[in-house]
Amino acid sequence: MQMSSLVFGKILLLLVLIAKTCCSYEIPNVKLEQLNNGFSLSLDDESGIRKVIYYIKINDICPGYMDMVLEPNPNWKITQPMKALKEKDKINVSILVDYNGEAYKDNQYLVVGENDNVAMKISKTISSKLCGSEEKPQPPINTCEPSQTVVKDLTNICKNQLIFEENFNDTELDLSKWSFDVRNLLTGRINEEFVLFDTRQENVFINDGILNIKPTFTQANARMAAIDFGTRCTPVENIMKECKSMTQFPFTYVPPINSSNINTKNTFQFKYGRVEIKAKLPKGSWLLPYITLENYGSFNKKQMRIAFARGNEQLLTDNPMKDIGGRRLYGGLVKNIEQHDTDFKELYASEHFGNNFHIYTLVWSNNSISVSVDGRTYGEFHSNLDGFNEQFFISLGVSAGGHLEFPDTLADPEVKPWKNTSPKAISIFWQNIKDGKFNWTEDSQTMRIDYIKVYAV
């Protein structure tokens with residue numbers, strides 16, 4: 001859990017005051033693993049270890065990094081995805097371990113390329129100055145600050161505790177964390193989108209520690225095919241239309257876009273927290289990336305959008321003239337999905353948000369919600385938060401088209417091929433795909449997720 005270096009220093013210094021230095025228990029050597037993105041540290045699990053706190057400085061540069069681990073997970077492992085290591089980098093690890101209810105401290109170091117598998121021990125005391133720890137010691141205090149966060153089957157949650165983490169380091173999606181949406185979104189409702197969600201490997205896969213969600217065009221010869229997901233279907237509104245559908249010329253077609261959407265609905269739901277996601281949004285005509293918190297348990301379905309930017313490079317509206325394309329980032333609240341009752345904050349940038357990875361953060365407490373990108377807060381909500389006091393789950397996906405997110409009031413009416421009120425919207429969308437009018441190039445349409453972390457608040 002990353003806070004300021006001054007806070008780190010205070011916490012660690014206070015724990016040092018009460019930590020044991022005798023030899024009744026010896027902390028094992030820390031192990032380092034270099035990753036494609038960052039690195040991880042781990043400690044061999046032993047019966048009796050209840051909590052491990054790492055404080056890390058690289059090349060004696062402040063601020064440092066801090067993580068608290070409350071479960072073996074396994075081997076008391078932490079991951080720092082933001083810092084790539086180089087040859088000869090020196091890593092100082094100040095480590096505190098709760099062993100059978102008593103605190104033990106140690107200071108260890110590693111040098112990349114020399115002893116970068118197992119740490120060398122310096123001493124049983126903290127021998128290097130902590131960032132910001134030069135203040136006089138204060139009396140010991142309880143280091144677990146009570147949290148507002150609620151998570152099913154998790155008690156005694158501390159503020160800033162890491163309650164969910166996904167780094168996509170496996171070769172396949174971890175189904176103990178994630179479930180798939182399997183349904184047809186083209187159901188004839190005003191909030192429909194022109195997409196079919198399924199589990200196809202071409203649409204969702206992991207590559208080099210990155211989750212890829214890649215929409216693709218439906219094959220032309222499947223345009224009039226029937227849909228039947230059987231027991232795999234995960235309907236939200238209409239079982240018959242989302243799970244089993246027959247095409248009916250000239251107005252009913254198979255969705256022209258295949259894609260994927262995954263969620264933690266069955267495995268991780270929470271109320272209040274800080275969500276941090278490093279992602280690269282998709283680029284391409286009429287694409288809709290969704291990085292959201294959702295709640296389908298309430299009467300009016302709600303969302304908190306952590307990051308949303310349309311795939312189009314540029315999309316100018318008329319009266320007033322405004323670019324609502326991929327350079328404009330949105331975050332905030334969807335109070336009613338069907339009615340498109342939204343309250344968004346916006347940030348306009350110099351380039352499309354699909355050009356590079358960015359860190360998107362949403363902080364949700366019992367009296368406020370804020371959204372930020374790369375540490376810059378661009379929107380806060382302090383009122384009208386009714387309905388945002390229930391448990392939500394994480395949802396990630398890429399959709400396309402639809403009747404709500406792309407307005408008809410564009411400066412050039414010819415840019416958008418379909419009208420939101422037209423009964424022939426899907427037929428026109430299909431025809432534009434056939435005519436090659438969609439500028440999806442070099443896999444630019446893929447949304448990429450590096451990591452997800454959720455902390456208690």
Side-chain angles (χ1 to χ4, degrees), residues 178-200 203-204 213 215 218 222 225-248 251-269 286-306 308 332-344 386-388 390-407 418-427 429-430:
W178 300 99
S179 300
F180 288 96
D181 270 357
V182 179
R183 57 194 178 99
N184 170 26
L185 273 64
L186 197 59
T187 59
R189 302 175 68 89
I190 189 173
N191 62 332
E192 72 176 5
E193 290 168 356
F194 307 160
V195 168
L196 183 148
F197 286 148
D198 205 344
T199 62
R200 292 186 179 92
N203 297 128
V204 56
I213 300 180
T218 303
I227 295 172
D228 189 351
F229 288 124
T231 58
R232 296 193 305 119
C233 191
T234 57
V236 174
E237 298 171 343
N238 187 311
I239 294 177
M240 290 304 299
K241 290 186 176 181
E242 293 179 64
C243 299
K244 188 173 183 179
S245 179
M246 296 293 293
T247 56
Q248 186 177 357
F251 301 129
T252 308
Y253 298 92
V254 169
I257 307 298
N258 286 290
S259 191
S260 284
N261 193 89
I262 62 173
N263 63 74
T264 64
K265 183 178 181 179
N266 298 324
T267 57
F268 175 70
Q269 297 195 31
W286 320 118
L287 290 177
L288 298 166
Y290 287 112
I291 301 178
T292 67
L293 300 181
E294 297 186 6
N295 174 19
Y296 283 170
S298 58
F299 181 75
N300 291 321
K301 305 175 186 67
K302 301 181 186 301
Q303 292 179 351
M304 285 178 271
R305 293 200 184 167
I306 302 168
F308 176 83
L333 313 180
V334 180
K335 299 178 180 180
N336 187 301
I337 293 175
E338 292 190 27
Q339 299 176 10
H340 205 235
D341 181 7
T342 65
D343 187 0
F344 291 154
D386 295 343
F388 293 92
E390 303 174 12
Q391 293 200 19
F392 281 63
F393 58 87
I394 302 168
S395 182
L396 309 170
V398 180
S399 188
H403 305 300
L404 295 177
E405 299 295 353
F406 296 101
W418 79 98
K419 298 296 182 183
N420 288 332
T421 57
S422 172
K424 294 184 178 181
I426 311 304
S427 176
F429 202 89
W430 263 104

With sequence neighbours left out, the residues meeting side chain to side chain contact (heavy atoms under 4.5 Å, CB included) with D341 are K335, N336
Taking atom NZ of K241 and atom CD1 of I227, what is their separation to the nearest 0.5 Å?
-> 12.0 Å
The salt bridge (Lys or Arg N to Asp or Glu O under 4.0 Å) partners of R189 (sequence neighbours excluded) come to E237, E338
Are any non-hydrogen side-chain atoms of L185 and P255 less than 4.5 angstrom apart?
-> no
Less than 4.5 Å apart, any side-chain heavy atom of V334 and any of K302?
-> no
Considering only heavy atoms from C-beta outward, does the side chain of V236 approach that of K301 to under 4.5 Å?
-> yes
Residues in side chain to side chain contact (heavy atoms under 4.5 Å, CB included) contact with T199, at least two apart in sequence or another chain | F180, V182, R232
Between CD on residue E193 and OG1 on residue T187, distance to nearest 0.5 Å | 10.0 Å
At their closest point, which heavy atom of V254 faces which heavy atom of W430, and how far apart are they?
-> O-NE1, 3.0 Å
Find the distance between CG (D343) and CG (L333) and round it off to the nearest 0.5 Å.
-> 5.5 Å
Judged by atom type as modelled, is there a donor-acceptor pair below 3.5 Å linking the side chain of W418 to the main-chain atoms of G402?
-> yes
Taking only residues two or more places apart in sequence, or in another chain, which ones meet S260 in a side-chain hydrogen bond (donor to acceptor under 3.5 Å, both in side chains)?
-> none
List in chain and number order the residues that pass side-chain hydrogen bond (donor to acceptor under 3.5 Å, both in side chains) with T234, two or more places apart in sequence or in another chain; answer none if no residue qualifies.
-> none
Does I394 reach the side chain of L293, with side-chain heavy atoms less than 4.5 Å apart?
-> yes
To the nearest 0.5 Å, atom CG of N184 lies from atom CG of D228 at 11.5 Å
Among all residues two or more places apart in sequence or in another chain, which pass the side chain to side chain contact (heavy atoms under 4.5 Å, CB included) test with L404?
-> I190, N191, H340
Indicate the atoms forming the closest heavy-atom contact of F388 with Q303, along with that distance.
-> CE2-O, 3.5 Å
Just jot down the ring pair (Phe, Tyr, Trp, His ring centres under 6.0 Å) partners of F406, sequence neighbours excluded, or say none.
-> W286
Measure across F429 and P256 and return the closest heavy-atom pair with its distance rounded to 0.1 Å.
-> CD2-CG, 3.4 Å
side-chain hydrogen bond (donor to acceptor under 3.5 Å, both in side chains) against S179, all qualifying residues, sequence neighbours excluded | N266
For G188 and E192, the nearest pair of non-hydrogen atoms, with its separation, is N-OE1, 2.5 Å
Closest approach of S395 to E294 (non-hydrogen atoms, all atoms of both residues) | OG-OE2, 3.3 Å
Residues that N263 engages under side-chain hydrogen bond (donor to acceptor under 3.5 Å, both in side chains), provided they are two or more places apart = D181
Residues T218 and N258: side-chain donor-acceptor under 3.5 angstrom | yes
With sequence neighbours left out, the residues meeting ring pair (Phe, Tyr, Trp, His ring centres under 6.0 Å) with F308 are Y290
Applying side chain to side chain contact (heavy atoms under 4.5 Å, CB included), name anything that partners Q269, two or more places apart in sequence or on another chain.
-> K265, Q391, F393
Atom pair CD1 (I306) and OG1 (T292), whose distance is rounded to the nearest 0.5 Å | 7.0 Å
What closest approach, in Å, do P407 and N420 show between heavy atoms, and which atom pair accounts for it?
-> CA-ND2, 4.0 Å
Result of checking V398, N203, L186, V195 against I257 for side-chain contact (heavy atoms from CB on, under 4.5 Å) | V195
Not counting sequence neighbours, which residues clear salt bridge (Lys or Arg N to Asp or Glu O under 4.0 Å) with E242? List them please.
-> R183
Gap separating the CG atom of N295 from the CD atom of E390, nearest 0.5 angstrom | 5.0 Å
